[in-house]
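On a predicted model such as this, the values are computed, not experimentally measured, just so you know. Within every chain, numbering begins at 1; the chains are lettered A, B, ... in the order of the sequence lines, protein sequences first and strands thereafter.
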Protein chains: 2
Amino acid sequence: MSRPTKNSPERGDARTRLLEAARDVIRKKGFAATSVDDLCQSAGVTKGAFFHHFKTKDSLGVAAANYWAETTSAFFASAPYHEPDDPLDRILAYLDFRKAIIDGETFEYTCLVGTMTQEVHDSAPAIRDACSDSIFGHAATLEADIQAAQEQRCINVDWSAESLARHTQAVLQGGFILAKAAGDPNLARESVDHLIRYFRQIFNVADTASQKEYAKPKET
Amino acid sequence: MSRPTKNSPERGDARTRLLEAARDVIRKKGFAATSVDDLCQSAGVTKGAFFHHFKTKDSLGVAAANYWAETTSAFFASAPYHEPDDPLDRILAYLDFRKAIIDGETFEYTCLVGTMTQEVHDSAPAIRDACSDSIFGHAATLEADIQAAQEQRCINVDWSAESLARHTQAVLQGGFILAKAAGDPNLARESVDHLIRYFRQIFNVADTASQKEYAKPKET
DNA sequence: GACAGCATACCGACCGTATAGTATGTATAT
DNA sequence: ATATACATACTATACGGTCGGTATGCTGTC
């Protein structure tokens with residue numbers, strides 16, 4: 001909150017501070033409800049700094065989506081879920097990891113680009129496209145492992161690795177909405193649990209505490 | 001777009017027209033980006049009418065969420081997916097139905113209360129609660145059938161009917177986000193397909209074109 | 001190594017407009 | 001006559017964006 005003075009060490013990173021402020025404030029209040037002044041105050045910079053770095057509020061939106069894409073890419077690339085040798089194990093580790101990082105305040109675990117997409121998909125194509133790139137770019141990082149696991153373990157599948165990768169993101173995004181509605185991150189984790197169960201089912205891998213037993217359908 | 005005159009037959013339904021305008025415009029532009037004037041213009045009424053029926057813009061938001069809850073409840077209650085005798089068949093018919101109504105322009109098939117939840121969850125508790133009631137109220141209509149199907153066909157389950165009902169809504173909401181991001185309703189339908197496959201798996205029911213064959217896991 | 005010249009980074013007052021909300025008046029139904 | 005259902009004109013403010021200015025650092029020249 002301390003404003004950088006003329007010769008403060010923070011000089012030079014107003015842009016980054018604004019992008020970080022955007023990341024957090026927009027996740028709390030949404031894009032349209034977040035004013036330029038909100039962002040400046042939260043970043044501890046002035047309006048002059050804002051419009052020095054960003055031509056318009058919308059261009060800040062694009063930059064924020066790209067910043068999100070970059071930082072989350074790096075974050076996931078260095079995450080430990082890539083360690084297992086088996087591709088399916090990597091996928092399950094990914095899902096466990098996604099579940100583990102759903103914690104704290106809503107704005108800390110929800111997805112900036114998912115939030116912005118909802119608001120601007122029809123009115124700000126530039127922002128929407130940047131958000132779209134981030135979402136589908138991340139989904140694409142899962143495809144190779146899904147494809148490998150599919151080839152290794154499944155026959156006669158009627159789904160593509162691409163669609164399943166996208167589905168994982170849909171489940172996460174939807175879980176965030178329910179979590180916001182109820183004010184409870186457990187609802188997002190709960191959906192990831194169902195998704196994990198789906199993966200175990202379609203890849204035919206037993207859970208530690210499995211539900212592999214079935215009752216014979218009774219006639220009603 | 002035609003404004004009702006003093007003695008036009010539309011007199012008396014400004015409130016409904018505003019709620020319908022809210023339903024459509026907010027799904028396009030989002031709540032914050034939708035101005036009161038936008039709504040008045042779209043409904044063909046004046047500001048006086050707006051603030052006669054709604055104390056504030058936020059109270060319109062609450063009313064719109066409640067209107068959505070009422071109209072969608074009636075819509076789903078009279079839908080044909082309740083016909084099958086078997087509870088699991090009813091659930092699968094529900095999911096087919098949800099898939100079938102994902103069509104046309106984005107604002108025609110997406111969920112008003114999901115959209116609003118994203119925006120206002122932190123800043124307008126009254127709206128969020130109304131949205132929350134709509135989402136979880138609808139999810140609750142699925143619980144009895146899920147519970148019945150579970151008791152009929154599953155043993156040793158580690159999931160509750162309640163959580164699975166919520167998960168269906170999460171998948172739908174998430175599918176809408178991806179559809180908005182890509183501008184393509186197919187992405188929402190695709191996620192429903194995965195959800196249907198999940199239901200078939202956990203309830204152990206064969207698909208017409210099944211993927212019940214599995215390859216023996218190869219060593220990598 | 002001092003200094004001119006220049007670009008970048010930022011400041012903060014200001015502007016025009018859009019926005020939520022109000023005040024007051026009027027037509028219609030009961 | 002009174003309440004309801006609007007219509008119209010108006011207000012205060014918040015908002016995105018502009019503009020002239022200043023501080024800081026870099027670069028080449030002598």
Between B:His53 and D:dA5, is there a contact of a side-chain N or O with OP1 or OP2 at under 4.0 Å? no

Reading nucleotides 15-20 of chain D from the 5' end, what letters show protein touch, with B for base, S for backbone sugar-phosphate only, - for no heavy atom under 4.0 Å? SBBB--

Taking only residues two or more places apart in sequence or in another chain, which ones pass salt bridge (charged side-chain N to carboxylate O under 4.0 Å, His left out) with B:Asp193? B:Lys99

Matching residue for B:Thr115 among B:Lys180, B:Lys29, B:Gln173 - test: side chain to side chain donor-acceptor pair (under 3.5 Å): B:Lys180

Flag the pair B:His53 / B:Tyr67 as yes when their ring centroid distance falls below 6.0 Å, and as no otherwise. no

Taking only residues two or more places apart in sequence or in another chain, which ones pass salt bridge (charged side-chain N to carboxylate O under 4.0 Å, His left out) with A:Glu162? A:Arg166

Tell me whether the centres of the aromatic rings in A:Trp159 and B:Tyr198 are closer together than 6.0 Å. no

Report yes if a side-chain nitrogen or oxygen of B:His52 is closer than 4.0 Å to either non-bridging phosphate oxygen (OP1 or OP2) of D:dC6; otherwise report no. no

Here the distance between atom C1' of D:dA7 and atom CZ of B:Arg15, to the nearest Å, is 19 Å

